[in-house]
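These notes concern the structure reproduced below.
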Protein chains: 2
Amino acid sequence: MSPMPSSADSPDGVSPSGGPQGDPQKASTIRDVALAAGVSKSTASRALLGQPGVSRANLEKVQRAIEQLDFVPNQIARSLSVPSPATLGLFLRSAEYPFYGHLAKGFAAEAGVRGYEVLSVSSFDQPDDANYQSLMVLAGLRAAGIVVASPVVDPLTIRRVAARVPLVLVGQMGQASNPDVPFVAPDPDDGVVLIEHVAALGHTSVALTAVAPEHSPTQWVRIERMRSHLEAQGVRNRIVTIGPETNFVDVVSGLHEAGVTAVLCNNDFAALDVLAAAAHLGLSVPGDLSVAGFDGLPPFDHEAVGLTTFRVPTAGLAAAAVDLVHKLVRDQDVERGGVFVPGELLVSRTTGPAPAR
Amino acid sequence: MSPMPSSADSPDGVSPSGGPQGDPQKASTIRDVALAAGVSKSTASRALLGQPGVSRANLEKVQRAIEQLDFVPNQIARSLSVPSPATLGLFLRSAEYPFYGHLAKGFAAEAGVRGYEVLSVSSFDQPDDANYQSLMVLAGLRAAGIVVASPVVDPLTIRRVAARVPLVLVGQMGQASNPDVPFVAPDPDDGVVLIEHVAALGHTSVALTAVAPEHSPTQWVRIERMRSHLEAQGVRNRIVTIGPETNFVDVVSGLHEAGVTAVLCNNDFAALDVLAAAAHLGLSVPGDLSVAGFDGLPPFDHEAVGLTTFRVPTAGLAAAAVDLVHKLVRDQDVERGGVFVPGELLVSRTTGPAPAR
DNA sequence: TTGTATGCGTTATCAC
DNA sequence: GTGATAACGCATACAA
């Protein structure tokens with residue numbers, strides 16, 4: 001696919017010229033300010049920027065003109081003449097999920113202390129080419145750097161964009177497809193901590209839930225580690241693939257009948273589904289069945305929910321990502337490969353000792 | 001405060017000229033493309049935009065050059081000459097809260113079908129002037145329209161921006177401070193539905209939790225309605241102001257001893273806090289105490305959580321907001337005032353009949 | 001201290 | 001069909 005943007009991106013046939021009676025009030029420019037203040041554009045500009053070398057009289061005149069005209073400097077034009085490395089782009093999967101929301105928060109905080117503005121676009125399950133468009137918007141805005149925190153972006157797109165602007169991946173280990181793109185990801189051994197938790201509780205037959213690989217590549221790395229760790233310990237295990245259509249009552253019922261005493265879920269939402277199913281089946285948790293989630297973000301980590309889960313370090317991931325992209329922007333060397341950030345186990349009331357047989 | 005942006009917005013002392021050995025690969029421009037293709041800028045531009053009047057030969061040459069140079073048109077420069085009506089700005093409070101995350105999702109979906117790109121910036125509890133800066137970024141980008149979904153933006157800023165670019169408020173009824181700025185908000189009578197729910201269950205003494213007014217202006221409108229409705233029904237009531245430092249065990253204990261049998265919380269997080277406190281005090285829910293939340297977004301609406309709450313219609317709010325701003329962009333008349341969107345009551349296991357006295 | 005002239009990258013208006 | 005040239009709004013080196 002050509003990198004050309006579609007020229008038909010005008011929304012819904014809106015003509016740029018505006019509506020019936022023309023533009024209501026054309027945005028005032030620095031020229032207007034200068035005119036109103038009776039000075040040259042240069043002086044107005046200098047006053048605007050608070051630069052030295054402007055007489056008090058003119059400064060005040062310009063300020064008055066600005067007030068009066070409600071003048072807002074056009075950042076676009078500004079950044080055209082002075083390359084501003086002050087904007088970072090954030091490409092998120094979907095702010096509706098706590099993980100991405102918290103990631104955005106950490107990202108904004110970390111970028112803020114470094115003086116960056118953050119512009120973000122979300123890929124709410126858009127088709128691939130729409131994702132490409134969205135990323136191009138960020139690139140077209142000449143953001144100093146871009147952080148991509150969405151597993152659904154095609155590697156070729158990543159490579160294309162990464163070739164032009166410093167880019168860091170979050171939450172996916174892109175080695176295979178894009179070895180040169182640095183990344184930040186949760187420690188793949190995070191899941192092993194959960195395994196050790198349930199193994200210590202005496203469980204000898206556990207199930208792991210998972211979603212389709214294309215929805216979350218990192219999940220599979222983690223799950224494979226968990227699985228091999230389980231087998232090394234001689235614990236029976238199985239993987240259950242779930243999706244939007246999954247009937248959890250059937251699934252949990254089947255697992256229980258097969259002797260499974262612990263279910264480790266791929267995320268906290270799934271854990272709630274399992275808990276609801278267990279309740280529906282009259283299974284006590286953790287008496288008959290232990291359940292653990294994954295992500296551990298609010299509100300799932302709340303005492304009132306009581307879920308045993310594993311908290312992914314969103315703040316740490318965000319900080320590492322900003323750090324990486326900042327280095328890239330400053331043209332400093334970045335270690336090939338990436339950064340892994342470990343999370344922490346949160347033990348609550350949904351896991352307990354394996355039932356006596 | 002003056003509308004002048006700080007000129008010290010360069011991140012961390014980065015010199016624009018780049019790192020040690022100069023710019024590694026200066027972004028290629030249309031000039032480079034034209035040069036490489038052996039045509040003029042005009043022809044290159046036309047080819048880029050897919051405009052008619054370009055020979056097949058030249059078209060192909062330009063396309064090849066684009067591929068080779070990894071050329072991405074500079075949107076910034078582009079929108080300088082032709083104001084792009086294809087971008088909507090979204091100013092969010094904090095994507096970490098489910099409400100804003102879901103709002104963003106609905107917003108993106110609705111804007112997408114209308115052909116807009118969505119750029120969002122979040123005001124994660126920034127100080128006021130930082131908010132101003134962020135909004136100015138959006139305004140400076142010359143977005144076609146802006147939707148502000150953050151209660152913490154000062155009215156003067158809103159007015160300033162609204163004077164330049166179509167702007168719609170979400171979640172706050174700005175009549176008082178900005179009567180001319182259209183808004184979309186949850187129905188202020190939403191809370192009354194909860195009142196009727198607990199009243200029907202026989203509760204005669206209820207408490208309402210609330211946060212400080214500056215954090216959520218709309219909340220107070222809702223709560224006032226609830227309160228007057230309670231009094232009209234002769235139900236005893238009190239308002240408990242909560243904050244980050246609140247000790248919920250003390251609060252709930254006090255309420256219970258005072259004979260309160262139902263607590264209606266200002267949001268779902270607070271409801272979880274109340275539930276945890278009740279559990280800690282050995283109070284049964286809903287036996288001794290009924291608890292309800294507010295917002296009703298995932299995962300709070302999950303069966304496994306079992307919380308009685310009220311779902312605010314994020315999708316509806318988002319759709320209405322996009323509709324409004326779209327009309328504004330097209331220069332169509334917009335009814336003064338705003339749009340109220342009602343939500344729906346979700347009854348679950350934390351509310352029940354009032355305990356016999 | 002102030003004004004003039006030029007450039008940033010792109011599109012649009014003209015001539016050719 | 002093609003290529004100069006002038007905007008767009010702002011910053012800035014340079015001249016005054």
Side-chain angles (χ1 to χ4, degrees), chain A residues 4-5 7 9-10 15-17 23 26-35 37-62 66 69 71-86 136 139-142 164, chain B residues 3-10 16-17 23 26-35 37-62 66 69 71-86 136 139-142 164:
Chain A
M4 295 197 191
S7 68
D9 53 2
S10 181
S15 85
S17 59
D23 359 57
K26 197 144 173 30
S28 50
T29 77
I30 199 174
R31 177 186 222 122
D32 305 325
V33 172
L35 218 63
V39 299
S40 74
K41 281 190 300 178
S42 328
T43 304
S45 175
R46 280 188 281 257
L48 186 81
L49 299 179
Q51 289 180 342
V54 163
S55 68
R56 265 199 72 66
N58 276 344
L59 192 102
E60 282 174 11
K61 281 198 284 185
V62 170
I66 287 177
L69 297 175
F71 169 71
V72 176
N74 185 333
Q75 294 296 133
I76 297 183
R78 183 199 296 259
S79 62
L80 195 56
S81 57
V82 44
S84 116
M136 279 312 150
L141 251 28
R142 293 297 185 266
R164 304 195 82 275
Chain B
M4 295 195 190
S6 147
S7 68
D9 53 3
S10 183
S17 59
D23 357 57
K26 195 145 171 33
S28 49
T29 76
I30 200 173
R31 176 184 224 124
D32 304 326
V33 172
L35 217 63
V39 299
S40 73
K41 283 190 301 179
S42 321
T43 304
S45 176
R46 279 189 281 256
L48 184 80
L49 299 179
Q51 288 177 345
V54 162
S55 69
R56 265 198 72 65
N58 276 344
L59 193 103
E60 282 174 13
K61 281 198 285 185
V62 170
I66 287 177
L69 296 175
F71 169 73
V72 176
N74 186 333
Q75 292 296 132
I76 298 182
R78 171 181 299 203
S79 62
L80 195 56
S81 54
V82 44
S84 118
M136 281 312 144
L141 251 29
R142 293 297 188 264
R164 305 189 84 276

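To find a chain, count down the sequence lines: A is the first, B the second, and so on, and within it residues start at 1.
Across all non-hydrogen atoms, the minimal contact from B:Ala44 to B:Ala34 is CB-CB, 4.0 Å.
A donor and an acceptor atom never sit less than 3.5 Å apart when one is taken from the side chain of A:Thr43 and the other from the base of C:dT1.
Taking atom CZ on B:Arg56 and atom C1' on D:dG1, their separation rounds to 15 Å, with Å as the unit. Protein atom CD1 of A:Ile66 is 10 Å distant from nucleotide atom P of D:dC10, rounded to whole Å. The nearest whole Å value for the distance from the CZ atom in A:Phe71 to the C1' atom in D:dG9 is 8 Å. With rounding to whole Å, A:Leu35 atom CG is found 14 Å from D:dC10 atom P. Atom CZ in A:Arg31 sits about 7 Å away from atom P in D:dC8, given to the nearest Å. Taking atom CG of A:Leu48 as the reference point, atom C1' of D:dA11 lies 10 Å away to the nearest angstrom.
Of the candidate nucleotides C:dA12, C:dT10, D:dA11, C:dA12 has the atom nearest to the side chain of B:Gln51. Minimum atom distance to the side chain of B:Ile30 is reached by C:dT10, of the listed C:dT10, C:dG3, D:dG3.
Ranked by how close their nearest DNA chain D nucleotide is to the 5' end, A:Thr29 and A:Arg46 are led by A:Thr29. Checking B:Lys41 against A:Val54, the closest nucleotide of DNA chain C that is more toward the 5' end is the one next to A:Val54.
In this structure, the separation between CG on B:Leu69 and CD1 on B:Ile30 is 11.5 Å, given to the nearest 0.5 Å. Here the CD1-CG distance, from B:Ile66 to B:Asp32, works out to 11.5 Å after rounding to the nearest 0.5 Å.
Among the heavy atoms of the strands lying under 4.0 Å from A:Ser45 is at least one base atom, whether or not backbone atoms are also near. B:Ser42 comes within 4.0 angstrom of a base, heavy atoms only.
Using a 4.0 Å cut-off, no side-chain N or O of A:Asn58 falls inside it from OP1 or OP2 of C:dT1.
Here the side chains of A:Val62 and A:Val33 are in contact, with some heavy-atom distance below 4.5 Å.
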Exercise for review: I would like to know whether B:Thr29 and B:Asn74 meet side-chain contact (heavy atoms from CB on, under 4.5 Å); could you show each step before the answer?
Suggested key: CA-CA 8 Å; B:Thr29 76; B:Asn74 186 333; over 6 Å; no
